[in-house]
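Right, I'll just put the structure down here and ask away after.
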Amino acid sequence: MRWNLDPTHTSVEFAVRHMMIATVKGALNLKEGYVETDEGGKPLRVEARLDARSIHTGVADRDNHLRSPDFLDVENHPEIVFRSEKITPLGEGRYRVEGEVTIRGVTRPLSFEVETHGPAKDPWGNERIAAHFEGKLNRKDFGLTWNVPLEMGGVLVGEEVRFSVDTEAVKAQEAVAR
C-alpha cells in the first residue's frame, strides 16, 4: 500500500548551537514523499523531499545566508532527500529506519527511531497514519563547513544539527480497472 506524505500536516524542525551557548531553531517544508507498507501496515520503504529554499528561522538575513553557497546552496541543490528501504520493527508501533539523506549533493547514511500511530479516518473519509521521529547529523559531513571562530574560543555555528519531524500520510486511492 502507498501512503502519500501530507505537506500540510508535516513539520520538519531543526536546532543548531549558536556561539556555543544558545540554540537557534528553524524549519523546512516538505515538498512530497511517500511510505509504502505491506498489507499488515508494516512500513517497507519511505522517501521524503524537503524544499531547501523554504528554510525559515524567523530572521530574513540568516535565512538568506542559509540558502547561500556558504550553507545549502539552494540554487544548485533545491531539495534535501531522504530514502530508506531498511525498516526494522521494534514493537508497539516503533521502527528503526536506516537510509540515506542527500544534502547539498552529498549523500550519507542516516538512521533514527520512529513512533507511528494509526490508521485513522479523517472527517472526509481518508485513511491516515502518522509518525514522529527525532535525530541528529553533522552538517560538516555534507560540506556545510562555513563558520567564524569566536574571540573567547569555540565557533559561531555548531556542527551538530538536531531535527524533529511530525508527519501524517494519506492512503493513496487505488486505481479502478475499467
Side-chain angles (χ1 to χ4, degrees), residues 3-37 41-59 62-63 66-67 71-72 74 77 79-104 106-120 128-147 154-170:
W3 301 78
N4 295 316
L5 297 180
D6 181 353
T8 63
H9 291 97
T10 296
S11 67
V12 179
E13 300 171 333
F14 64 89
V16 179
R17 285 301 227 183
H18 180 253
M19 295 183 56
M20 313 296 290
I21 60 171
T23 300
V24 169
K25 295 182 178 183
L28 291 153
N29 294 338
L30 173 71
K31 283 178 76 171
E32 63 184 1
Y34 68 89
V35 177
E36 286 184 16
T37 64
K42 177 189 176 290
L44 303 172
R45 67 186 51 82
V46 62
E47 181 174 315
R49 295 177 175 278
L50 304 178
D51 180 2
R53 296 174 197 268
S54 73
I55 196 163
H56 178 76
T57 65
V59 178
R62 179 173 46 222
D63 297 345
L66 291 171
R67 292 181 190 109
F71 288 96
L72 294 177
V74 300
H77 307 284
E79 293 183 333
I80 296 170
V81 179
F82 177 77
R83 291 183 180 99
S84 173
E85 292 188 8
K86 185 173 183 186
I87 303 172
T88 307
L90 300 175
E92 299 181 13
R94 292 181 16 260
Y95 298 89
R96 179 91 184 147
V97 177
E98 298 173 66
E100 294 181 330
V101 64
T102 302
I103 301 173
R104 196 181 157 145
V106 177
T107 302
R108 296 279 187 258
L110 182 66
S111 61
F112 44 83
E113 241 183 69
V114 176
E115 180 181 326
T116 63
H117 302 281
R128 292 180 175 265
I129 54 176
H132 170 80
F133 59 94
E134 298 176 4
K136 61 186 175 182
L137 56 84
N138 187 316
R139 67 185 181 87
K140 288 179 123 181
D141 291 344
F142 299 90
L144 285 81
T145 59
W146 183 92
N147 225 328
V155 291
L156 183 64
V157 182
E159 294 178 13
E160 182 180 88
V161 179
R162 292 171 288 142
F163 58 87
S164 175
V165 178
D166 286 284
T167 188
E168 288 183 23
V170 180

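None of these values were measured; they are calculated from a predicted model.
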>> Among residues at least two apart in sequence or on other chains, which ones pass side-chain hydrogen bond (donor to acceptor under 3.5 Å, both in side chains) with E160?
In response: none

>> Can you list everything that forms a salt bridge (Lys or Arg N to Asp or Glu O under 4.0 Å) with K25? Sequence neighbours excluded, please.
In response: none

>> Just verifying a value: how many Å separate I80 CD1 and R104 CZ, rounded to the nearest 0.5 Å?
In response: 11.5 Å

> Looking at residues at least two apart in the chain, or sitting in another chain, which of them share a side-chain hydrogen bond (donor to acceptor under 3.5 Å, both in side chains) with D141?
Replying inline: none

For residues 5-19, which side-chain donor-acceptor pairs fall under 3.5 Å, sequence neighbours excluded?
from	atom 1	to	atom 2	distance (Å)
D6	OD1	T8	N	2.9
D6	OD1	T8	OG1	2.6
D6	OD2	T8	OG1	3.4
D6	OD2	H9	ND1	2.7
D6	OD2	R128	NH1	2.9
D6	OD2	R128	NH2	3.4
T10	OG1	D6	O	2.7
T10	OG1	T167	OG1	2.7
R17	NH1	T23	OG1	3.1

Indicate every side-chain donor-acceptor pair of residues 47-58 with a distance under 3.5 Å to a residue at least two apart or in another chain.
from	atom 1	to	atom 2	distance (Å)
E47	OE1	R83	NE	3.1
E47	OE2	R49	NE	3.1
E47	OE2	R49	NH2	3.3
R49	NH1	E79	OE1	2.6
D51	OD1	R53	N	3.0
R53	NH1	E75	OE2	3.3
S54	OG	N29	N	2.7
S54	OG	D51	O	2.6
T57	OG1	R62	NE	2.9
T57	OG1	D63	OD1	2.5

> Do the non-hydrogen side-chain atoms of L66 and W146 ever get within less than 4.5 Å of each other?
Replying inline: no

>> Measuring from atom CZ of R67 to atom CG of L72, what distance do you get when rounded to the nearest 0.5 angstrom?
In response: 9.5 Å

> Should L144 and I103 be marked as a side-chain contact (heavy atoms from CB on, under 4.5 Å) after you check the CA-CA gap, both sets of side-chain angles, and the distance that decides it?
Replying inline: CA-CA 9 Å; L144 285 81; I103 301 173; 4.1 Å; yes

> Do L137 and F142 have side chains that get closer than 4.5 Å, going by heavy atoms?
Replying inline: yes

>> Going by side chain to side chain donor-acceptor pair (under 3.5 Å), name the pairs with one or both residues in residues 89-100, residues two or more places apart or in two chains.
In response: R94-E113, R96-S111

> Taking only residues two or more places apart in sequence, or in another chain, which ones meet I129 in a side-chain contact (heavy atoms from CB on, under 4.5 Å)?
Replying inline: W3, P119, A169

>> Going by the rule side-chain hydrogen bond (donor to acceptor under 3.5 Å, both in side chains), which residues pair with N147 if we only count those two or more places apart in sequence or in a different chain?
In response: none

>> Test of understanding: with side-chain hydrogen bond (donor to acceptor under 3.5 Å, both in side chains), list the residues that count as partners of S164, not counting sequence neighbours.
In response: none

> Partners of E36 by salt bridge (Lys or Arg N to Asp or Glu O under 4.0 Å), sequence neighbours excluded?
Replying inline: R45

> Hey, does Y34 have a side-chain heavy atom less than 4.5 Å from the side chain of V46?
Replying inline: no

>> I need the minimum non-hydrogen distance between I87 and L44, along with the two atoms involved.
In response: CD1-C, 3.8 Å

>> Taking ring-ring contact (aromatic ring centres under 6.0 Å, His included) as the definition, give me every residue that meets it alongside F112, ordered by chain and number, with sequence neighbours left out.
In response: F82, F133

> Can you name the salt bridge (Lys or Arg N to Asp or Glu O under 4.0 Å) partners of K42, sequence neighbours left out?
Replying inline: none

> Hey, does F163 have a side-chain heavy atom less than 4.5 Å from the side chain of L110?
Replying inline: yes

